Amino acid sequence: MERKKQNQEDDNFSKLKNVIYETINSCLSQNKETTDIIGIDEVCKITGLSKHTIYKKTSNHEIPHYKSTLSKRSVLRFRRSEIENWILQHRIGTVEEYLSSQGCL
């Protein structure tokens, strides 16, 4: 009888653990989707560039961005993943990589 009760408690605990796990994963995935759209302040934090530089780069179409024109004034929006990819595209190689590409090594 005692073993049956223990098995029932273990089963309930396992079910509860699965529900908590699924709930946490659901919250994390929803949070990631909502925070993928960011403003200029967050772009400045990610890139280390000033607002002035970011505005200039958007004006020159050098950085991926979106322009919201729902109100009278437009608002710049960015996708975090696109900004991160943009940063990674501007990698500067090492001296060894350069010499290797020139056939010097």
Side-chain angles (χ1 to χ4, degrees):
M1 191 69 165
E2 194 68 57
R3 182 177 285 250
K4 187 175 181 181
K5 184 178 179 184
Q6 182 64 38
N7 286 342
Q8 182 67 31
E9 287 177 358
D10 289 346
D11 188 43
N12 288 341
F13 179 77
S14 181
K15 287 178 183 177
L16 180 61
K17 193 167 74 171
N18 286 337
V19 168
I20 291 171
Y21 181 78
E22 290 172 9
T23 304
I24 289 173
N25 280 338
S26 175
C27 289
L28 289 175
S29 67
Q30 287 175 358
N31 190 29
K32 176 140 177 80
E33 291 171 8
T34 59
T35 59
D36 194 43
I37 305 298
I38 57 176
I40 193 163
D41 291 330
E42 187 71 17
V43 174
C44 292
K45 287 180 190 175
I46 293 170
T47 63
L49 300 173
S50 68
K51 279 187 180 183
H52 174 75
T53 303
I54 299 295
Y55 283 126
K56 195 176 212 178
K57 289 191 176 295
T58 57
S59 178
N60 293 333
H61 300 278
E62 296 175 17
I63 189 169
H65 65 283
Y66 301 87
K67 207 178 234 187
S68 172
T69 56
L70 297 175
S71 62
K72 289 186 179 181
R73 65 182 197 121
S74 63
V75 178
L76 288 176
R77 294 288 181 229
F78 304 84
R79 267 213 153 109
R80 180 184 304 275
S81 57
E82 290 177 351
I83 297 301
E84 290 169 350
N85 288 335
W86 177 78
I87 291 170
L88 294 175
Q89 289 173 357
H90 294 85
R91 179 181 179 272
I92 298 172
T94 64
V95 172
E96 186 176 287
E97 290 171 334
Y98 175 75
L99 293 175
S100 178
S101 71
Q102 298 299 313
C104 298
L105 291 181

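Just so you know, these numbers come straight off a predicted model, no measurement behind them.
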Original post:
Step by step, would you call Arg80 with Ile46 a side-chain contact (heavy atoms from CB on, under 4.5 Å)?
Top reply: CA-CA 9 Å; Arg80 180 184 304 275; Ile46 293 170; 3.6 Å; yes
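Judged by distance alone, the side chain of Trp86 and the main-chain N or O of Glu62 form a donor-acceptor pair under 3.5 Å.
Put simply, Val43 and Ile37 are part of two different groups of oily side chains (I, L, V, M, F, W, Y) that touch within less than 4.5 Å, one to the next.
Residues Glu42 and Arg77 are not paired through a salt bridge, judged by the lack of any N-O separation under 4.0 Å between the basic side chain and the carboxylate. Using a 4.0 Å cut-off between charged side-chain N and carboxylate O, Asp36 and Arg79 make a salt bridge.
We find the OG1-CG distance between Thr58 and Leu76 to be 5.0 Å, quoted to the nearest 0.5 Å. Atoms OG1 and NZ, from Thr47 and Lys57 in turn, are 9.0 Å apart once rounded to the nearest 0.5 Å. One distance of note links NE2 of His52 with SG of Cys44; it measures 11.5 Å at 0.5 Å rounding. One finds the CD atom of Glu82 at 10.0 Å from the CD atom of Gln89 (value rounded to the nearest 0.5 Å).
Summarising the geometry of Tyr66 relative to Phe78, their closest heavy-atom pair is CD1-CA, 4.5 Å, with the distance given to 0.1 Å.
If you run side-chain contact (heavy atoms from CB on, under 4.5 Å) between Ile63 and each of Thr53, Ile87, Leu49, Ile54, only Ile54 comes through.
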